[in-house]
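Scroll down for the structure; my scribbles are underneath it.
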Amino acid sequence: MPKITKIEPKVKALPARKKVAAYARVSMETERLHHSLSAQVSYYSELIQKNPEWQYAGVYADEGISGTGTAKRPEFQRMLDDCEAGKIDIVLTKSISRFARNTVDLLETVRHLKELGIEVRFEKEHINSLSGDGEVMLTLLASFAQSESESISTNVKWGIRKRMQSGLPYANGHMQVYGYRWEGDEMVIVPEEAAIVRRIYQNFLDGKSRQETEKEFAAEGIKTRGGYRWVDSNLKVILTNVTYTGNMLYQKEYVVDPISKKTRKNRGELPQYYVENTHPAIISKETFDYVQAEMARRRELGCFGNKALTLNCFSTKIKCGLCGRSFVRSTRTNRAKMSLLGKKYTFWACTSHKKNNCPYCKSGTIREDVLKEECAKVLGTLEFDEDTFGERVKQITVPETGTMIFEFTDGSTLEHHWHRNAKKESWTDAHRKRASEYRKRHPVTRSDITCFTTKIRCEECGCNYRKQTTTMADGHKNAYWSCADKKTHPGKSLREDHLKEIIADVLGLEEFSEDAFKEHVDFISARGLTHLTFHLKDGTAAEREYEFRKEGIPWTDERREKQTKAIPDSLAPERSRKTSENTKRTRSEKHWDSKRK
């Protein structure tokens, strides 16, 4: 009988649908452009969903954001993240200028999407990024889009400068100024903020520095409009803003280019426009001018113009030979953790080394007492004299530790070398003894510190016991305490768990309690590692004998049988013969040596 096989008709597999998304953008938040953006979103949503070969992946829309950059466009960045995640195969956009007006950003983004296999279609220009000539056309047209953006920027700047020349108060836009608010195109005073502005100026006229005003406001809880603390930079802006006189100075800053959008202070590159009586004044013009003159005078004096600083004859006169910055005065407590040794001393160090911890500044520090001694040697006086130093020394440059280059007021210079091992000189035997006593009673803060640290002492040498940990064969760890002076007191140690049993017995507890130990036991003295004396905080003492216990892991029957079989194997005839020969040879050598002696 013939064999019959049924051949089923092949069903043609449907091609996978492409995941398609669209991107739309408008650069200004106006009602007309808002409708334009809504129209773009509706158009692309309908277009994608009508195509049976496409799968709708969404429409990404940025409103009121410039196209000269990509970093500050949240929807654009979200679209790129979805592309990275494989959620999009094709991106549709109206034109190159909607996608990006920056040639570099456009090409970098399109190339990155191309590497991911994602196609970008620009409808107006009829460009497909995956086509052969797509990138060439993109480069040319993107340059035109960037040029168009620069042209628009130039036209906008021209319009702003025309308004400035006309003296309009909103020529710079509605810039926010502390103390004022905008009502339409008019600036009006905010009474509460204006009172703060007047107080800032009055403080400065009273001789207070900006740092003093900053501390004063912080103590009273006075905050900026945004709820932040007043700082030196905020106060400087208030004191230098001519707007508070009722006049306006336009174009104090300018935008370098529309692509980077970096602003720069106008130091004569562009014309400025000073317009009088544009709005109500908070302070008088005479007061403002006096404050500017006083700020210039204080700036000329440098740090001496700030009475809030504590200065002396060395201030501004010691310069770092490596970075050129001034040395500043600081106070440090020597060994502050040891109350017996705590003593403050003053030193001078480079600003960059002190504040920024600059690794390249190796000029070091100089103690003030040493600095005075070395200056007295250079000036040839028995003792340091501030008046003499101020009259004769113009500046001291420190190129490295131990070297000072003196520049005198008469124009001469002198290189002076000094050496002072302050640490070694200050570390006397008395200091060393006090430090040792301090460390015995004040343990450092570490993870391995326990309640027994500094509490167990050797009666013979006075050293503290130290902790060691040993891992046993079964994996568990035992802690041991032994005298720090191992050369004088070698031998066994106190095992911590056994010590805890003795402490519980002394305190009358069923089991050891760390809190009870800290509360009742002052310290433990050990003599010969066998006799322990517990000195209690109530003035009494208790003595106990410490018994060493040799503990190990009990042998199992399997291990005992294995060892029994191994002994005969270790005593094989050949091995026994060699052992016997070695023993005889060793004995004969010892006998021969004894005869020679």
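Position 1 is the first residue of the sequence, and the numbers go up from there.
Considering CE of Met187 and CD of Gln176, their distance stands at 8.5 Å, rounded to 0.5 Å. Glu220 contributes atom CD, which lies 4.0 Å from atom CZ of Arg199 (distance to the nearest 0.5 angstrom). Once rounded to the nearest 0.5 Å, the distance linking CG of Leu235 with CD of Glu214 reads 6.5 Å. Atoms CZ and CD1, from Arg229 and Ile222 in turn, are 12.0 Å apart once rounded to the nearest 0.5 Å. Summarising the geometry, atom NZ belonging to Lys394 is positioned 10.5 Å from atom NZ belonging to Lys317; distances are rounded to the nearest 0.5 Å. The distance from atom CD1 of Ile396 to atom CG of Leu371, rounded to the nearest 0.5 Å, is 5.5 Å.
Between the side chain of Arg198 and the backbone N or O of Ile282, at least one donor-acceptor pair lies under 3.5 Å. The closest donor-acceptor contact from the side chain of Gln292 to the backbone of Leu239 lies under 3.5 Å.
The existence of a salt bridge linking Lys377 and Glu373 is excluded, since no basic side-chain nitrogen approaches an acidic carboxylate oxygen closer than 4.0 Å. The pair Lys208-Asp206 does not meet the salt-bridge criterion, since no charged nitrogen lies less than 4.0 angstrom from a carboxylate oxygen. Taking 4.0 Å as the cut-off between side-chain N and carboxylate O, Arg297 and Glu294 count as a salt-bridged pair. Remark: Arg111 does not engage Glu108 in a salt bridge, criterion side-chain N to carboxylate O under 4.0 Å. Contact check on Arg73 versus Glu75 returns no salt bridge, with no Lys/Arg side-chain nitrogen under 4.0 Å from an Asp/Glu carboxylate oxygen.
Side-chain polar atoms of Asn234 and Tyr228 form no donor-acceptor pair below 3.5 angstrom. No side-chain donor from either of Asp81 and Gln77 sits under 3.5 Å from a side-chain acceptor of the other.
Applying the salt bridge (Lys or Arg N to Asp or Glu O under 4.0 Å) definition to pairs two or more places apart or across chains, none involves residues 401-415. Listed by first and then second residue, the salt bridge (Lys or Arg N to Asp or Glu O under 4.0 Å) pairs that reach into residues 234-250 come to none, sequence neighbours excluded.
Ring centers of Phe384 and Phe389: under 6.0 Å apart, within the cut-off. Ring to ring, Phe327 and Phe314 are not that close: their centroids are 6.0 angstrom or more apart.
Considering all non-hydrogen atoms of both residues, Val242 and Thr245 come closest at O-OG1, 2.6 Å. Taking all atoms of both residues into account, the shortest heavy-atom contact from Gln40 to Ala24 is OE1-CB, 3.3 Å. In terms of heavy-atom proximity, Asn247 sits nearest to Lys285 at ND2-CD, 4.1 Å. The two residues Thr287 and Ser284 have their closest heavy-atom pair at OG1-OG, 2.8 Å. In terms of heavy-atom proximity, Gly321 sits nearest to Thr397 at CA-CG2, 3.6 Å.
In this structure, the side chains of Val120 and Tyr23 stay at 4.5 Å or more apart for every pair of heavy atoms. Contact check for Tyr180 versus Ile189: side-chain heavy atoms found under the 4.5 Å cut-off. Using a 4.5 Å heavy-atom cutoff, the side chains of Glu212 and Asn203 are not in contact. Between Lys467 and Thr453 there is no side-chain heavy-atom pair separated by less than 4.5 Å. Using a 4.5 Å cut-off on side-chain heavy atoms (C-beta onward), Thr213 and Trp230 make no contact. Considering only heavy atoms from C-beta on, Val177 comes within 4.5 Å of Tyr244 through its side chain. Contact annotation: the side chain of Ser315 approaches that of Trp348 to within less than 4.5 Å [non-hydrogen atoms, C-beta and beyond]. The shortest distance between side-chain heavy atoms of Asp62 and Pro74 falls below 4.5 Å.
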Check your understanding: Yes or no on side-chain contact (heavy atoms from CB on, under 4.5 Å) for Val237 and Tyr178, after CA distance, side-chain angles and deciding distance?
Key -> CA-CA 10 Å; Val237 169; Tyr178 184 83; over 6 Å; no
Check your understanding: Could you walk me through whether Met295 and Val291 pass the side-chain contact (heavy atoms from CB on, under 4.5 Å) check?
Key -> CA-CA 6 Å; Met295 290 181 71; Val291 168; 4.1 Å; yes
Exercise for review: Might you work through the side-chain contact (heavy atoms from CB on, under 4.5 Å) test for Ile238 and Tyr201, ending with a clear yes or no?
Suggested key: CA-CA 8 Å; Ile238 298 290; Tyr201 274 85; 3.9 Å; yes
Point to revise | Working for side-chain contact (heavy atoms from CB on, under 4.5 Å), residues Leu113 and Leu80 | key: CA-CA 8 Å; Leu113 295 178; Leu80 295 182; 4.1 Å; yes
